[in-house]
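Reading through the structure tokens given below for one structure.
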There are 2 protein chains.
Amino acid sequence: MPSLASMSQDTMHSQNAALSGGRLKQPHLASDHGIATSGIQLPQALPSLLARGLTPQDMLRVNAARPTFVTLEPGQSLYYQGDDCNNIYLLLDGWAFRHQILEDGRRQILDFALPGVVFGLPGTGIMTHSLETLTGCTFSVFTRERLFDLMRDVPALGFRLLEIMAAAEARAFEHLTSVGRRTAKERVAHLLLELVTRASQTPAMPRDGSMTLPLMLPHIADALGLTSETVCRALSSMRKDKIATLRGQKLDILDLKRLAHAAGVDLMADFRHGTNGETLRLAS
Amino acid sequence: MPSLASMSQDTMHSQNAALSGGRLKQPHLASDHGIATSGIQLPQALPSLLARGLTPQDMLRVNAARPTFVTLEPGQSLYYQGDDCNNIYLLLDGWAFRHQILEDGRRQILDFALPGVVFGLPGTGIMTHSLETLTGCTFSVFTRERLFDLMRDVPALGFRLLEIMAAAEARAFEHLTSVGRRTAKERVAHLLLELVTRASQTPAMPRDGSMTLPLMLPHIADALGLTSETVCRALSSMRKDKIATLRGQKLDILDLKRLAHAAGVDLMADFRHGTNGETLRLAS
DNA sequence: CGTCCGATTGACAGCTATCAATAAGAGTGG
DNA sequence: CCACTCTTATTGATAGCTGTCAATCGGACG
């Protein structure tokens with residue numbers, strides 16, 4: 001139970017969310033009729049995100065399973081920590097994040113979800129975290145049973161999902177290393193680097209050094225195990241050093257090389273394949 | 001920003017590993033003849049760990065794929081950060097851990113692997129972390145291709161692997177929350193709680209409050225983003241409070257309830273299903 | 001009994017959190 | 001178009017937790 005004092009910063013945003021829409025007891029299931037959001041034709045979007053490694057025939061079968069779609073406004077939650085959830089979700093469009101909250105209000109953001117991310121997988125069914133949108137979002141939904149059937153029909157799908165989960169695990173591990181062993185400034189630099197890299201790999205997102213981050217300082221802080229003040233100081237410092245500027249939601253990378261250096265990362269290695277130059281050499 | 005000085009503690013263990021066996025260019029592939037380690041008949045062990053949800057027929061097919069086995073001594077590495085790895089591993093017996101190392105030697109332990117854990121999955125092939133054993137370990141190995149074939153033959157296997165990966169992700173998330181938002185003492189308590197819980201769920205491990213942890217202080221420290229001194233202080237405090245004692249490798253839980261309290265966790269919720277009492281109530 | 005490695009404890013420094021005040025924008029309404 | 005309000009960002013001062021450095025303890029082993 002957050003003492004009001006400690007809530008004031010860290011949980012500000014979730015308060016907003018709770019006020020401005022918050023929990024959906026029954027998510028808005030848009031069911032089978034195809035819904036278009038922010039200009040995207042969903043039945044087309046799904047393949048492009050999932051399809052690597054699947055044949056066109058496979059994708060036909062996947063679409064034949066008639067996934068349902070959910071659309072959410074910014075600041076709404078798809079599910080909450082503690083919910084009994086037996087669906088698997090694919091984020092088609094928009095930004096969201098997954099987070100855990102301790103009883104006293106401390107919040108940890110676990111992962112930023114960009115289009116193509118899969119979550120809500122099997123397990124016990126009880127969710128250990130919540131998912132909240134940052135922008136308007138569209139999700140594709142499969143029930144556990146439908147997924148199981150689908151995986152039988154389309155073996156490559158299971159393999160692809162494993163790949164996606166493995167990538168998510170790798171992200172979580174990088175994140176963990178950041179929070180556990182990097183300084184505040186390094187963490188901020190590392191997160192910016194991760195986000196620009198992921199965004200640039202997402203279709204229909206910018207490839208140059210400028211982009212829109214639908215985040216507030218407390219999001220970054222809660223992702224990195226810091227306070228928003230510390231994040232602000234780190235960003236100020238990077239602005240002063242002409243490495244990157246983040247004003248409002250506009251992020252400009254001014255010097256990618258030095259950003260990577262500030263993040264304590266070998267750009268070529270870590271953000272292409274995920275490895276550390278130094279350690280790599282030991283392994284050769 | 002640790003330089004050589006600070007490496008002395010954090011990376012001590014990996015140095016030892018390097019000296020005492022270290023890298024295996026070509027892991028000891030024990031190939032198809034079944035190998036027995038520490039008294040376990042492997043072909044039997046594999047099913048029991050993987051089989052939930054699979055029919056006996058399914059398991060026959062899995063075994064027919066003739067996985068190879070690898071055995072490692074304590075302190076050896078199955079693979080290193082930067083390795084090109086196209087195998088999937090199942091830990092059959094023993095304890096191990098996965099970790100990442102930054103160029104300057106800072107180390108983050110990402111996950112403790114107990115029997116039943118799966119890793120080394122697809123992705124790009126380049127490993128972003130290393131795996132090092134704590135005890136003697138036996139692994140079951142499938143190549144990427146063999147796994148793919150197997151998943152086609154045994155659809156339930158893919159589903160089971162997804163479940164295992166989802167559980168690993170949930171663990172990583174809990175871990176992240178710990179490192180990001182809990183105090184030193186809470187982190188230590190939380191880790192002990194996680195380990196006793198997992199061990200008690202593993203066949204052939206004790207269910208009472210006493211067990212052997214094949215860890216040294218620096219392992220705990222590097223898992224939690226702390227120093228070994230801080231971990232030591234936290235353990236001393238818990239020993240003084242009669243919550244738990246860890247001497248050498250012998251862990252005794254004296255008061256599970258207060259241990260959970262010290263970890264800032266609702267025992268019934270978090271460690272049965274993974275949820276937080278307070279937030280859960282919101283969701284009902 | 002001596003050596004060695006890891007654990008333990010103490011003193012102190014430093015990074016980040018906390019508390020507090022101000023600035024900067026974005027809307028809103030007159 | 002400007003004043004007003006509200007929210008978020010920014011900056012400063014101080015406190016506290018944890019890291020760092022260093023010394024001692026303790027058990028394992030030969």
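What you see is a predicted model; the values in this text were computed from it and never measured. Lettering of chains follows the sequences in order, A, B, ..., and the numbering in each one begins at 1.
Atom pair A:I220:CD1 and C:dA17:P shows a separation of 14 Å (rounding to whole Å applied). Between the CE atom of A:M216 and the P atom of C:dG25 there is a distance of 17 Å, given to the nearest Å. Taking atom NZ on A:K240 and atom P on D:dT11, their separation rounds to 11 Å, with Å as the unit. Look at NZ on A:K185: it is 11 Å from P on C:dT16, rounded to the nearest Å. In this entry the distance linking CG of B:L224 with P of D:dG19 reads 10 Å, nearest Å. Rounded to whole Å, atom P of D:dC17 lies 13 Å from atom CZ of B:R187. As rounded to whole Å, 11 Å separates atom P of D:dT8 from atom CD of A:Q249. Between A:E186 atom CD and C:dC15 atom P there is a gap of 12 Å when expressed in whole angstrom units.
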Indicate every side-chain donor-acceptor pair of residues 235-248 of chain B with a distance under 3.5 Å to a residue at least two apart or in another chain.
from: B:S236; atom 1: OG; to: B:C232; atom 2: O; distance (Å): 2.9
from: B:S237; atom 1: OG; to: B:K185; atom 2: NZ; distance (Å): 2.9
from: B:R239; atom 1: NH1; to: B:L246; atom 2: O; distance (Å): 3.3
from: B:D241; atom 1: OD2; to: B:K185; atom 2: NZ; distance (Å): 3.4

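Every side chain to side chain contact (heavy atoms under 4.5 Å, CB included) that A:D255 has, sequence neighbours left out, goes to A:K257, A:R258. Under the side chain to side chain contact (heavy atoms under 4.5 Å, CB included) criterion, A:A170 pairs with B:T128, not counting sequence neighbours. With sequence neighbours excluded, the residues forming a side-chain hydrogen bond (donor to acceptor under 3.5 Å, both in side chains) with A:R171 are A:D111, listed by chain and number. For A:Q249, the side chain to side chain contact (heavy atoms under 4.5 Å, CB included) partners are A:T212, A:P214, not counting sequence neighbours. Partners of B:R187 by salt bridge (Lys or Arg N to Asp or Glu O under 4.0 Å), not counting sequence neighbours: none found. Residues satisfying the side-chain hydrogen bond (donor to acceptor under 3.5 Å, both in side chains) criterion with B:T135, sequence neighbours excluded, are absent altogether.
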What protein N or O atoms touch nucleotides 9-12 of chain C N or O atoms at under 3.5 angstrom, if any, and at what distances?
from: C:dT9; atom 1: OP2; to: B:S236; atom 2: OG; distance (Å): 2.7
from: C:dG10; atom 1: N7; to: B:R233; atom 2: NH1; distance (Å): 3.1
from: C:dG10; atom 1: O6; to: B:R233; atom 2: NH2; distance (Å): 3.2
from: C:dA11; atom 1: N6; to: B:R233; atom 2: NH2; distance (Å): 3.4

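Counting only N and O atoms by type, the side chains of A:Y80 and A:H129 include no donor and acceptor under 3.5 Å apart. In this model, no donor atom of one side chain and acceptor atom of the other lie less than 3.5 Å apart for A:R181 and A:T177.
In this structure, the nucleotide among D:dA9, C:dT18, C:dT16 sitting nearest to the side chain of A:P218 is D:dA9.
Each end of the helix from C:dC1-D:dG30 to C:dG30-D:dC1 gets its own rotation axis from five pairs of C1' atoms, and the angle between them is 30° to the nearest 10 degrees.
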